[in-house]
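Have a look at the structure below before the remarks.
Bear in mind the structure is a predicted one, so any value in this text is a computation, not a measurement. Chain naming here is simple, since letters A, B, ... match the order of the sequence lines and numbering starts at 1 in each.
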There are 2 protein chains.
Amino acid sequence: MKFRRSERLIDMTHYLLERPKELVSLTFFSERYESAKSSISEDLAIIKETFERQGIGTLQTIPGAAGGVKYISHMKEEAARGIIAELCQLIADPERLLPGGYLYLTDLIGNPQIVSKVGKLLASSFANKDIDVIMTVATKGIPIAHAAASYLNVPVVIVRRDSKVTEGSTVSINYVSGSSKRIQTMVLSKRSLNEGARVLIVDDFMKAGGTVNGMVNLLEEFNATLAGIAVLLESEEAEERLVDDYVSLVKLMDVDVKEKKIRVVEGNYFLQSKGDI
Amino acid sequence: MKFRRSERLIDMTHYLLERPKELVSLTFFSERYESAKSSISEDLAIIKETFERQGIGTLQTIPGAAGGVKYISHMKEEAARGIIAELCQLIADPERLLPGGYLYLTDLIGNPQIVSKVGKLLASSFANKDIDVIMTVATKGIPIAHAAASYLNVPVVIVRRDSKVTEGSTVSINYVSGSSKRIQTMVLSKRSLNEGARVLIVDDFMKAGGTVNGMVNLLEEFNATLAGIAVLLESEEAEERLVDDYVSLVKLMDVDVKEKKIRVVEGNYFLQSKGDI
C-alpha cells in the first residue's frame, strides 16, 4: 500500500510526536510507507523545518547504519513566556485562597491541557540532559511528573508517605519537613529505581524544599544520581531553602489573606541556562 | 508568512493531536496559515483520511458559521488487540508476584508509553459518550486517568483516603472495601466536582469493586452522574462483584504463588459495544 507524501507527513508527524527521544530508523519509515529512503529523508527535512519554525521541537539526525531520527520536544522562549504568564494569572486568582493562606491548585493539576504544557516546559529545560527517570512524590506531583516524562520518554517513580503491599519491599527514610520542622517518612519501592540512574525530581510546589531534599536523600540510598529538580510553583516565603539548584515556572511572592491578594511572578525558568538542543 | 501545504499538514496534525475533542474553526486555520479556506478544507480531508487509515482517530466536521473540525482519538480493533495482548504478556510475568499473591504493577503504571496506550484505549471506549470529568483514586489510578483525560480532553478529579489542607472543604464518605470487608474512608474536595457532571471512573485495578463502588456513592453526594467505569485490570477472583457495568482491558484469572504462575486473559473491552464515532 503506497503512501503519498502528504499522507506520509501526517503519519510520520503523529508517529514521531508519540515517541520523543526514540531513535527511529529511515529503514523503518521506508518499509512502513514502501517509499525510497531518499523520499523519507526529504519528508524528515520538511518535518524538522516545520517543527522548528512552529516551536514544536526539532528532529535530531543520527547518521550511519544504526542511525535514524529522533524527535526532541522543545518550546520556544516566546511560547514559554506566554504559558508562564498564563500560569501566573491562573495562580493569582484570589478564589484560590484557602484558610491558613494555602492555595487551591487541584483544578490546575487536574486539567490535562495545562498539565501537558507544564510538562513540556519542564521537559524543555532538561531536553539536552541525560535523564533516566523522573521521581515525584504522591499525590499532586504525579500528573506533572507524568506529563514531563511523556515528553522526555522516561519512566516515573512515585515516592509515597506510607508503604503499600503492592509495592513489594521498600526503602524508607525519615526527613525533616522544611517549613513545619516535623519529622516525616518517605518510602520508595526497592525495585522501582536502578543503581546509577540519573534522576530528575519533579514536584508541584516547593516551599523550604524539605520534601525535595528528602527525595535527594532517598536517591543516595539507591546509589542514584540527581540530574535536576523542577517545580511548577516555588514559594518566596521560605526563610531558609534546603535546595538551591532547581527550575521553577512560577514564584509565589506573597499571600495576603486579609486583602485576599496573591502575588506571583515568573519563576527562575529563563535564568536557567538550557543550552542548545 | 505563507505556508506550503506540506508545512500546513504537519502543523495542523500537531495542533489537532494536542487538542482532542476541541472544535477548531476553519477561519482559525485559514488565518494561521494565510491560506484560503478551500485549501484548508482540502488539507483537513487528507488528514481525516490518513488518521482513519492509520488508526489515529478521525476528524469530525461541524458545518455552518460556528462550525469547524474536531479531532476524535480512536483506536482500531486490530491495534487495540495488539496492545491488550502486549499488556497480558507484561502482566503475566512471574517476576511480578509479591508475597500474598499481590502483583507488582508499579513499573507499568510508571511507563509513559504504556500509560498513554492504556489511556487511548480507555478513551476510545468512551469516545462517543458525553464525559465531563474523569474521577480516580490516589495513587495508582492517577497516571491512567490523566492519560485517558488527555485523549478525551476533560479534567481529572482525584479522590483521596484522607483530607489535605490544600484541598479546601471536602466531602467524605465511608464505604466497605469489597474484598477485605473493612470500613474505609474516601474524601473529595468540594469544589472539584460540579453538580450534574457526567463522570467516568478510571482505576488501575478492580477486585470486588469496593473502591469503585465507593466512588459511585461519592458521585451521589455531589449530584453527579455516572457515565462509565474503566479499569486496566480486573480480577476474576471476586466472589461477589459490587459493580457490573464496566470496561476492563485485562482480566486476572488466577495467581498460583507456589508454582509462580499468573494467568491473565483479555478483559471485556471487545464485548462492550462502542458504537461508531
With a 4.5 angstrom heavy-atom cut-off, is it the side chain or the backbone of [X] that approaches chain B, or both, or neither?
X	value
L97(A)	backbone
F51(A)	side chain
S6(A)	both

_Quiz question: by atom type and distance under 3.5 Å, do the side chains of S116(A) and E18(B) form a donor-acceptor pair?_
no

*Any luck finding a side-chain donor-acceptor pair between K164(B) and T139(A) under 3.5 Å?*
no

*Give the member of V154(A), I114(A), V157(A) that has the highest number of heavy-atom pairs under 4.5 Å with chain B.*
V154(A)

*asked:* If the threshold is 4.0 Å, N to carboxylate O, is there a salt bridge linking E7(A) and R53(B)?
replied: yes

_Does R5(B) form a side chain to side chain contact (heavy atoms under 4.5 Å, CB included) with R5(A)? I'd like the steps, not just the answer._
CA-CA 11 Å; R5(B) 163 148 291 158; R5(A) 163 148 292 156; over 6 Å; no

*Between chain A and each of V133(B), V165(B), I47(B), count heavy-atom pairs under 4.5 Å; write down the option with the most.*
V165(B)

*Quick one: which of S169(B), A138(B), G168(B) has the most heavy-atom pairs under 4.5 Å with chain A, could you say?*
G168(B)

*Search all heavy atoms of R191(B) against all heavy atoms of R96(A) and return the closest pair with its distance.*
NH1-CA, 4.2 Å

*side chain to side chain contact (heavy atoms under 4.5 Å, CB included) involving Q113(B) - partner list, sequence neighbours excluded*: R19(A), E22(A), N153(A), N111(B)

Tell me, side chain or backbone of [X] under 4.5 Å from chain A's heavy atoms, or both, or neither?
X	answer
K120(B)	side chain
I109(B)	backbone
L103(B)	backbone

_Evaluation steps, side chain to side chain contact (heavy atoms under 4.5 Å, CB included), between K140(A) and T166(B)_ = CA-CA 10 Å; K140(A) 286 224 283 289; T166(B) 49; 2.9 Å; yes

*Report yes if some heavy atom in the side chain of I142(A) is under 4.5 Å from a heavy atom in the side chain of P143(B); otherwise report no.*
yes

*asked:* Does any part of the side chain of P112(A), heavy atoms only, come nearer than 4.5 Å to the side chain of Y151(B), both counted from C-beta?
replied: no

*asked:* Is it the case that over 12 heavy atoms from other parts of the model lie below 6.0 angstrom from the OH atom of Y104(B)?
replied: yes

Pair up each side-chain donor or acceptor in residues 8-17 of chain B with any protein partner under 3.5 Å, not counting sequence neighbours, and list the distances.
{"residue": "R8(B)", "atom": "NE", "partner": "D43(B)", "partner atom": "OD2", "Å": "2.5"}
{"residue": "R8(B)", "atom": "NH1", "partner": "F3(B)", "partner atom": "O", "Å": "3.3"}
{"residue": "R8(B)", "atom": "NH1", "partner": "S35(B)", "partner atom": "OG", "Å": "3.3"}
{"residue": "R8(B)", "atom": "NH2", "partner": "D43(B)", "partner atom": "OD1", "Å": "3.2"}
{"residue": "R8(B)", "atom": "NH2", "partner": "D43(B)", "partner atom": "OD2", "Å": "3.3"}
{"residue": "D11(B)", "atom": "OD1", "partner": "Q54(A)", "partner atom": "NE2", "Å": "3.1"}
{"residue": "D11(B)", "atom": "OD2", "partner": "Q54(A)", "partner atom": "NE2", "Å": "3.1"}
{"residue": "D11(B)", "atom": "OD2", "partner": "R32(B)", "partner atom": "NE", "Å": "2.8"}
{"residue": "D11(B)", "atom": "OD2", "partner": "R32(B)", "partner atom": "NH2", "Å": "3.0"}
{"residue": "D11(B)", "atom": "OD2", "partner": "Y33(B)", "partner atom": "OH", "Å": "2.6"}
{"residue": "T13(B)", "atom": "OG1", "partner": "L9(B)", "partner atom": "O", "Å": "2.6"}

